[in-house]
Colleague: 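Below you'll find the structure I mean.
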Amino acid sequence: MSALRKVLVVHEEPVVGTSAHRVQPSAKASVVIAMTPRVSPPVYEAPASTRPSAAKLLRNMALFLSAPFIGLLYAVLLPFVGLGLLVWIAAKPLLERPRVRAALQTGKAAARLMAAPFVGLAYVVFFPFIAMAMLVWVAASPRRHAAAA
């Protein structure tokens with residue numbers, strides 16, 4: 001069966017003896033089968049209210065224009081990701097040894113000790129801005145908090 005015949009079989013449904021008009025049987029066939037074409041659904045046009053908004057169009061344009069830079073970033077970072085994967089595969093058996101695991105725990109504690117002053121400085125610098133943003137957020141949405149109470 002050819003591809004064309006398969007398409008014709010899918011789009012045609014057999015009607016056996018239910019036709020309103022009389023069909024003259026041929027001498028060769030014992031059963032009369034009339035093929036009726038399947039009616040396609042009407043074409044539907046979306047109303048103007050479902051068209052994308054200007055913000056969505058702007059977002060799509062920004063994604064379209066940034067796509068080459070995202071691809072370049074993937075191409076630049078791919079070797080580093082590959083090296084990281086190789087290091088991970090090589091280090092996985094080493095993590096099973098107790099001495100290596102203890103050395104890594106000590107290194108982790110030393111890194112946290114060295115990073116603590118910088119984390120504290122970040123808290124002191126950024127928390128006033130975070131607190132102001134939270135106050136504005138709460139003040140701007142009174143309905144949500146009134147409905148919850």
Side-chain angles (χ1 to χ4, degrees), residues 1-21 31-149:
M1 188 180 283
S2 69
L4 180 61
R5 182 65 190 147
K6 287 180 185 176
V7 171
L8 292 176
V9 169
V10 170
H11 290 293
E12 294 177 352
E13 296 179 359
V15 178
V16 180
T18 59
S19 176
H21 63 282
V31 176
V32 177
I33 298 177
M35 303 299 281
T36 59
R38 182 177 290 174
V39 179
S40 62
V43 177
Y44 174 74
E45 290 186 21
S49 63
T50 60
R51 291 186 184 147
S53 65
K56 191 167 188 165
L57 286 174
L58 196 63
R59 182 178 145 249
N60 286 342
M61 285 174 41
L63 286 174
F64 176 74
L65 292 174
S66 66
F69 300 106
I70 294 171
L72 179 65
L73 182 69
Y74 272 99
V76 168
L77 293 180
L78 188 63
F80 298 108
V81 172
L83 287 175
L85 183 64
L86 285 175
V87 168
W88 175 255
I89 290 172
K92 213 170 185 183
L94 290 175
L95 291 176
E96 296 173 359
R97 297 182 180 175
R99 294 185 77 180
V100 173
R101 187 174 288 272
L104 286 176
Q105 292 289 340
T106 305
K108 182 179 174 182
R112 284 185 175 178
L113 185 64
M114 288 190 301
F118 301 107
V119 172
L121 180 63
Y123 280 151
V124 169
V125 169
F126 291 115
F127 269 178
F129 297 108
I130 293 171
M132 282 189 281
M134 288 174 54
L135 285 174
V136 169
W137 179 269
V138 170
S141 59
R143 286 182 288 161
R144 183 174 23 158
H145 296 290

Colleague: Rounded to the nearest 0.5 Å, what separates atom CZ in F127 from atom CE in M132?
Modeller: 13.0 Å
Colleague: Does the side-chain contact (heavy atoms from CB on, under 4.5 Å) test come out yes or no for L85 and I89, once each step is laid out?
Modeller: CA-CA 6 Å; L85 183 64; I89 290 172; 4.1 Å; yes
Colleague: From F64 CZ over to L57 CG, what is the distance, rounded to the nearest 0.5 angstrom?
Modeller: 13.5 Å
Colleague: Checking side-chain contact (heavy atoms from CB on, under 4.5 Å) for the pair I130/M134: CA distance, chi angles, key distance, verdict?
Modeller: CA-CA 6 Å; I130 293 171; M134 288 174 54; 4.1 Å; yes
